[in-house]
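In what follows, a single structure is set out as structure tokens and then discussed.
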Amino acid sequence: MNKIINNINMKIQEDWKKESKKYLTEMQKLLDKLENIENEELRKEIIIQILKCDQELTKLAEKKFKEYYNQGKEC
């Protein structure tokens, strides 16, 4: 588990998404539904695109977390 410690010993957890039971449950439901797509190529393309979107959303969220964290340090 990767953690960054700031100057007042606050910990920022970097693998926050992996520990969200709600997120993991919803992702599993999505993957279960995708299993019903008979066209193998289409199913793989959809899964790849979903993972790309998820990765970009994660990067955006983590960037915002860091921005808000840095703003809080300045106060």
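Owing to the predicted nature of the structure, the values given are computational and were not obtained by experimental measurement.
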Among Arg43, Lys44, Glu45, side-chain contact (heavy atoms from CB on, under 4.5 Å) partner for Glu41: Glu45
Within one Ile-Leu-Val-Met-Phe-Trp-Tyr cluster: Leu57 and Leu24, side-chain cutoff 4.5 Å: no
Measuring from atom CD1 of Ile50 to atom CG of Leu30, what distance do you get when rounded to the nearest 0.5 angstrom? 4.0 Å
More than 12 heavy atoms from other groups under 6.0 Å of CD on Glu38: no
List for me each residue that meets side-chain contact (heavy atoms from CB on, under 4.5 Å) alongside Gln28, sequence neighbours excluded, and say none if there are none. Leu31, Asp32
Before giving the answer on salt bridge (charged side-chain N to carboxylate O under 4.0 Å, His left out), spell out for Lys64 and Glu67 the whole-Å C-alpha distance, their side-chain angles and the decisive distance to 0.1 Å. CA-CA 5 Å; Lys64 289 295 179 186; Glu67 286 175 11; 3.3 Å; yes
Using 0.5 Å steps for rounding, measure from the NZ atom of Lys33 to the CD1 atom of Ile46. 13.5 Å
Assess the residue pair Leu51 and Gln55 against the criterion (side chain to side chain contact (heavy atoms under 4.5 Å, CB included)); give the C-alpha distance rounded to whole Å, side-chain angles, the decisive distance to 0.1 Å, and a yes or no. CA-CA 6 Å; Leu51 293 174; Gln55 182 180 30; over 6 Å; no
Would you say the side chain of Ile48 lies within less than 4.5 Å of the side chain of Lys52, judging by non-hydrogen atoms? yes
